[in-house]
Amino acid sequence: MNEEKPQIPEVFLSPYDPTKHEQEIYKLWEESGFFNPDNCVKSGVAAADADTYCIIMPPPNANGRLHAGHGTDMTLKDILIRFNRMQGKRTLFLPGADHAGFETQGVFEKKLQKEGRSRFGMERDELYNEIYEFVMDNKGTMETDLRSLGVSCDWSRNTFTLQPGVVERVQKTFVKMYEDGLIYRGKRCIHWNPKFKTSLSDIETTFEDRTEKFYYFQYGPFVIGTARPETKFSDKYIVVHPDDPRYAQYKHLQEFEVEWINGPIRATLLKDEVADMEKGTGAMTITPWHSQVDFELAQKYDLPLEQIIDWDGKLLPVAEEFAGKKIDVARPLIVEKLKEKGLLVEIDDKYTHAVRLCERTGVVVEPQVKDQWFVKMDSLAKMTLDALDAKEFKILTNRHEKIFRHWMENPQDWNISRQIVWGMQIPAWFKDDEIKVQLDSPGEGWEQDPDTFDTWFSSGQWPLVTLGYPEKEDFAIYYPTNVMETGADLVFKWVPRMLMFGLYLTKRVPFKDVYFHGMVLDKHGKKMSKSKGNVLSPIDLGDQFGTDATRMAFVVANPPGADMPLSEDKVRAYKKFSNKVWNITRFILTSCHDFDPVTKVSLSQYDKEVLSKLDEVVKDVTKDIDSYKMYLAAEDIYHYIWHELADKVLEESKEVINGSDTEAKAARQQVLMTCLTTSLKLLHPFMPFVTETIWQELPENMKDAELLMVAPWPKGN
RNA sequence: GACCGAUUAGCUCAGCUGGUAGAGCGCUACAUUGACAUUGUAGAGGUCACAAGUUCAAGUCUUGUAUCGGUCACCA
């Protein structure tokens with residue numbers, strides 16, 4: 001009995017155990033140097049003049065672990081990369097990490113809080129250096145996570161947003177844009193986060209519907225409505241619509257003596273179309289310092305600006321007896337006072353409106369007027385839309401193209417100043433009323449703007465800085481990159497900025513295709529969140545079921561643009577599949593151990609059918625990946641291996657293999673070996689670890705490459 | 001309010017340019033010390049949200065209705 005037991009590698013005698021192999025395999029890949037396309041060329045894996053294929057990794061935040069979103073993100077890209085690398089292209093997956101300015105500083109401030117410290121009162125350099133160390137520690141963890149996901153990126157080109165060359169490049173862009181008139185400094189009404197004390201751009205804020213009290217007050221002959229009485233202390237202008245019949249008897253610019261919160265004031269009527277006749281009484285007063293709409297109106301009529309609420313969210317001396325109070329404390333007191341004065345007309349307590357919040361911290365945003373740097377968006381947006389119309393780049397999902405167009409057609413100027421330390425300092429210098437924009441100090445007495453850039457200002461230039469625009473060879477070789485594959489939530493935040501900077505600086509788009517994936521949800525289709533306790537970490541899933549199984553779960557049934565529910569069951573199913581592949585190998589190796597390569601084989605009809613089925617799968621999988629249908633390719637290869645190769649071909653072959661017809665046997669052996677090696681190749685981009693582990697155990701005469709990672713992709717006949 | 005999407009088996013979803021429905025998980029029965037119990041075979045289960053229309057023929061195209069979801073806008 002024992003004599004008959006064929007000699008196959010011992011490792012196949014027990015089920016596949018991912019934890020035993022994954023780290024070792026990644027090390028094997030990394031040490032081979034083939035993540036770096038230069039080495040592929042040197043060793044002949046890729047021809048020196050082969051096509052290039054490049055993806056720039058959306059840099060994960062340096063301050064944290066990878067989450068389920070990264071799981072999809074990295075898996076889809078790594079599939080494309082591995083597929084193209086096996087096709088002999090000069091393939092570059094360029095990794096990096098983002099300093100994630102505001103978000104990281106927020107995380108760090110929480111840490112300070114725990115230690116009973118605060119960033120206020122710390123020296124700029126001291127704070128920066130502490131955050132830097134904190135981030136560098138975490139950055140290493142994040143990179144370990146990337147490795148454990150099997151991401152085949154070129155670590156020799158790893159880039160961090162705050163490294164010197166990158167900072168200088170971003171600052172140079174700022175200077176150039178300033179000189180070209182695309183950046184201006186201006187006093188504008190911006191979104192202010194009073195807790196973290198920084199301004200925010202539109203896209204860093206969200207709305208939340210809240211039901212709050214809406215007050216009607218007597219204001220001279222008018223009744224005005226407001227949800228925010230605390231801003232109204234020095235409102236001196238009433239606005240009504242010019243066509244509003246209720247106010248026809250009053251004239252534009254007519255003045256009134258009005259009894260108000262802290263005594264009489266002189267008010268002026270403005271008739272302007274911004275007033276909405278339908279809303280409330282159709283009459284409103286304006287507070288230009290604390291409302292965007294009012295601010296614009298104030299600009300139009302050249303009205304004075306007065307700050308009512310300070311940078312901490314407390315009332316200023318103009319509020320007299322209420323000065324120094326936080327707005328939520330002051331509001332009821334002010335209403336009470338107006339009521340006592342007989343000026344309160346009505347309270348509507350079913351008023352629902354959207355309150356603007358800081359997206360990251362949930363803090364209610366206070367509009368404030370502040371000197372900030374802005375990017376003029378209209379011409380940049382137009383340039384981008386023109387490129388889209390000219391098909392210089394494609395958005396693969398229609399839906400997102402529509403959303404993208406809609407947004408780009410109505411661009412708002414972009415506030416790029418942030419009052420935080422963790423970021424790239426803006427290269428602008430102040431001396432009295434003078435401003436100079438340049439990298440180095442203009443000399444004695446000049447102070448650099450303490451503000452830093454919005455994170456998206458630097459990450460918008462990511463494809464350029466990582467490839468070393470303008471002078472590095474990489475830029476000449478790999479720009480424009482092939483595809484930007486990223487989360488649909490970045491349709492406004494990141495993607496348009498990269499396109500605008502790319503087009504502005506190089507006249508060329510930074511990538512040809514844009515692939516948006518959806519959000520990873522829990523198994524009931526709900527958002528994953530720590531508070532709900534339904535978070536699945538790709539790293540934990542990998543530890544439990546194997547990285548390959550995790551990767552498959554992230555890609556199957558995950559078409560572009562749609563959200564995807566994920567459950568442990570799904571991952572478990574693909575763990576079974578890893579083992580299935582493992583056992584198929586065991587069976588085939590056992591069946592083929594006595595294969596005599598010199599035997600002249602003549603294929604039976606069935607053999608030919610088997611090979612032609614295999615061919616079909618090769619074509620399907622290749623075509624699907626080429627057209628970004630990784631979700632279908634993964635199912636195709638899964639289905640083929642399990643339900644065709646294992647269930648049918650192997651079952652059919654048992655008789656021939658154990659039979660006495662040596663010619664038929666040899667033919668079948670050869671067919672089986674081809675099926676195995678081809679299947680491993682097709683599956684490799686999706687399940688790199690188990691396929692490479694198996695490949696390393698195959699006898700030399702079955703392989704056409706040392707490493708499966710750089711084995712030639714099978715061609716259909 | 002504006003725009004967009006979804007509605008197909010118990011659950012989560014595929015179904016490209018129209019020809020009487022598929023996968024995974026789950027469920028039921030049976031089998032199996034034989035590559036693999038991380039298995040195999042067989043099976044139950046759907047008037048493809050509703051209504052009308054185009055067509056020889058409609059989950060598949062058009063229009064409308066309902067329900068759910070998303071994004072943008074709205075702090076008088």
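All values reported here derive from a predicted model rather than from experimental measurement. Within every chain, numbering begins at 1; the chains are lettered A, B, ... in the order of the sequence lines, protein sequences first and strands thereafter.
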> Roughly how many Å is it from CD in A:Glu651 to C1' in B:U32, rounded to a whole number?
Replying inline: 12 Å

> Applying a 3.5 Å limit to both distances, which nucleotide forms a Watson-Crick or G-U wobble pair with B:C75?
Replying inline: none

> Contact class for A:His643 (heavy atom, under 4.0 Å): base, sugar-phosphate, or nothing?
Replying inline: sugar-phosphate

>> Under 4.0 Å, heavy atoms only, any strand: does A:Ile584 hit a base, just the sugar-phosphate, or nothing?
In response: base

>> Just the rounded figure in Å: distance from P of B:C75 to CG of A:Asp202.
In response: 13 Å

> Roughly how far apart, to the nearest Å, are B:U28 and B:A44 at atom C1'?
Replying inline: 7 Å

> Taking atom C1' in both B:U38 and B:U32, what distance in whole Å separates the two?
Replying inline: 16 Å

> For atom C1', what is the distance between B:C27 and B:C68, given to the nearest Å?
Replying inline: 28 Å

>> With rounding to the closest Å, how many angstrom separate the C1' atoms on B:A29 and B:G64?
In response: 47 Å

>> Under 4.0 Å between a side-chain nitrogen and a carboxylate oxygen: does that hold for A:Glu651 and A:Lys648?
In response: no

> In the structure shown, which nucleotide is the Watson-Crick or G-U wobble counterpart of B:A29, with both distances under 3.5 Å?
Replying inline: B:U41

>> Closer than 4.0 angstrom, basic N to acidic O: yes or no for A:Glu359 and A:Lys493?
In response: yes

> What nucleic acid atoms does A:Asp294 come within less than 4.0 Å of, heavy atoms only: base, sugar-phosphate, or nothing?
Replying inline: nothing

>> Base, sugar-phosphate or nothing for A:Phe12? Non-hydrogen atoms, less than 4.0 Å.
In response: nothing

>> I need the CG-P distance between A:Asn583 and B:G34, as an integer number of Å.
In response: 12 Å

> Is the glycosidic angle of B:G70 within 90° of 0, making it syn, or outside that range, making it anti?
Replying inline: anti

> For the side chain of A:Tyr631, counting heavy atoms from C-beta on, which of B:U71, B:G15, B:C74 is nearest?
Replying inline: B:G15

> Tell me: NZ of A:Lys575 to P of B:C25, nearest whole Å?
Replying inline: 16 Å

> Atom CE of A:Met519 to atom C1' of B:A6: distance rounded to whole Å?
Replying inline: 15 Å

> What nucleotide, of B:C75, B:A14, B:A76, holds the atom closest to the side chain of A:Leu632?
Replying inline: B:A14

> Is the shortest side-chain N to carboxylate O distance from A:Arg572 to A:Glu568 below 4.0 Å?
Replying inline: yes

>> Counting only Watson-Crick pairs (N1-N3 plus N6-O4 or O6-N4) and G-U wobbles (N1-O2, O6-N3), all under 3.5 Å, who is the partner of B:U54?
In response: none

>> Measuring to OP1 and OP2 of B:G24, would you say a side-chain N or O of A:Trp642 lies under 4.0 angstrom away?
In response: no

> Counting any heavy atom closer than 4.0 Å, what does A:Phe577 reach on the DNA or RNA strands: base, sugar-phosphate only, or nothing?
Replying inline: nothing

> Which sits closer to the 5' end of RNA chain B, A:Glu635 or A:Tyr215, going by the nucleotide each is nearest to?
Replying inline: A:Glu635

> For A:Trp311, is the NZ or CZ atom of A:Lys370 found under 6.0 angstrom from the centre of its six-membered ring and inside 45 degrees of the ring axis?
Replying inline: yes

> Between B:A35, B:C75, B:A76, which one does the side chain of A:Ala227 approach most closely?
Replying inline: B:A76

> Is B:C3 paired to anything, Watson-Crick or G-U wobble with both distances less than 3.5 Å, and if yes, which nucleotide?
Replying inline: B:G70

> In Watson-Crick or G-U wobble terms, both distances under 3.5 Å, what is the partner of B:U17?
Replying inline: none

> What interatomic distance, in whole Å, is found between P of B:C48 and the corresponding atom of B:A9?
Replying inline: 10 Å

> Once you round it to whole Å, what is the distance between P of B:G70 and CZ of A:Phe404?
Replying inline: 23 Å

> B:A21 and B:C13: how far apart are their C1' atoms, nearest whole angstrom?
Replying inline: 14 Å

> Think A:Arg356 has a side-chain N or O under 4.0 angstrom from the OP1 or OP2 of B:A73?
Replying inline: no

> On a whole-Å scale, what distance lies between the C1' atoms belonging to B:U8 and B:G46?
Replying inline: 7 Å

>> Just to be sure I understand the rule, does A:Lys654 reach a base, reach only the sugar-phosphate, or reach nothing, if contact means heavy atoms closer than 4.0 Å?
In response: base

> Is it true that A:Lys394 and A:Asp513 make a salt bridge, defined as a side-chain N closer than 4.0 Å to a carboxylate O?
Replying inline: yes

> Which part of the nucleic acid, if any, lies within contact of A:Val365, taking any heavy atom under 4.0 Å across all strands shown: a base, the sugar-phosphate backbone alone, or nothing?
Replying inline: base

>> The side chain of A:Asp647 is closest to which nucleotide in this list: B:U41, B:U71, B:A76?
In response: B:U41

> What's the NZ-P distance between A:Lys576 and B:A35, to the nearest Å?
Replying inline: 20 Å

> If you pin A:Asn579 and A:Lys570 to their nearest nucleotides in RNA chain B, which one's is more 5'?
Replying inline: A:Lys570

> How far does the P atom of B:G43 sit from the matching atom of B:C3, given to the nearest Å?
Replying inline: 50 Å

> Within this structure, what is the CG-to-P distance between A:Asp235 and B:C75, rounded to whole angstrom?
Replying inline: 15 Å

> Do A:Phe322 and A:Phe233 make the cut of ring centroids closer than 6.0 angstrom?
Replying inline: yes

>> I'd like to know if A:Lys580 reaches the base of B:C36 with its side chain such that a donor and an acceptor end up less than 3.5 angstrom apart.
In response: yes

> Who does B:G24 pair with, Watson-Crick or G-U, both distances under 3.5 Å?
Replying inline: B:C11

>> I'd like to know if A:Lys271 and A:Asp244 make a salt bridge, using a cut-off of under 4.0 Å between side-chain N and carboxylate O.
In response: no

> Hey, mind stepping through A:Thr75 and A:Arg551 against side chain to side chain donor-acceptor pair (under 3.5 Å) and telling me if it holds?
Replying inline: CA-CA 6 Å; A:Thr75 302; A:Arg551 287 170 61 119; 4.9 Å; no

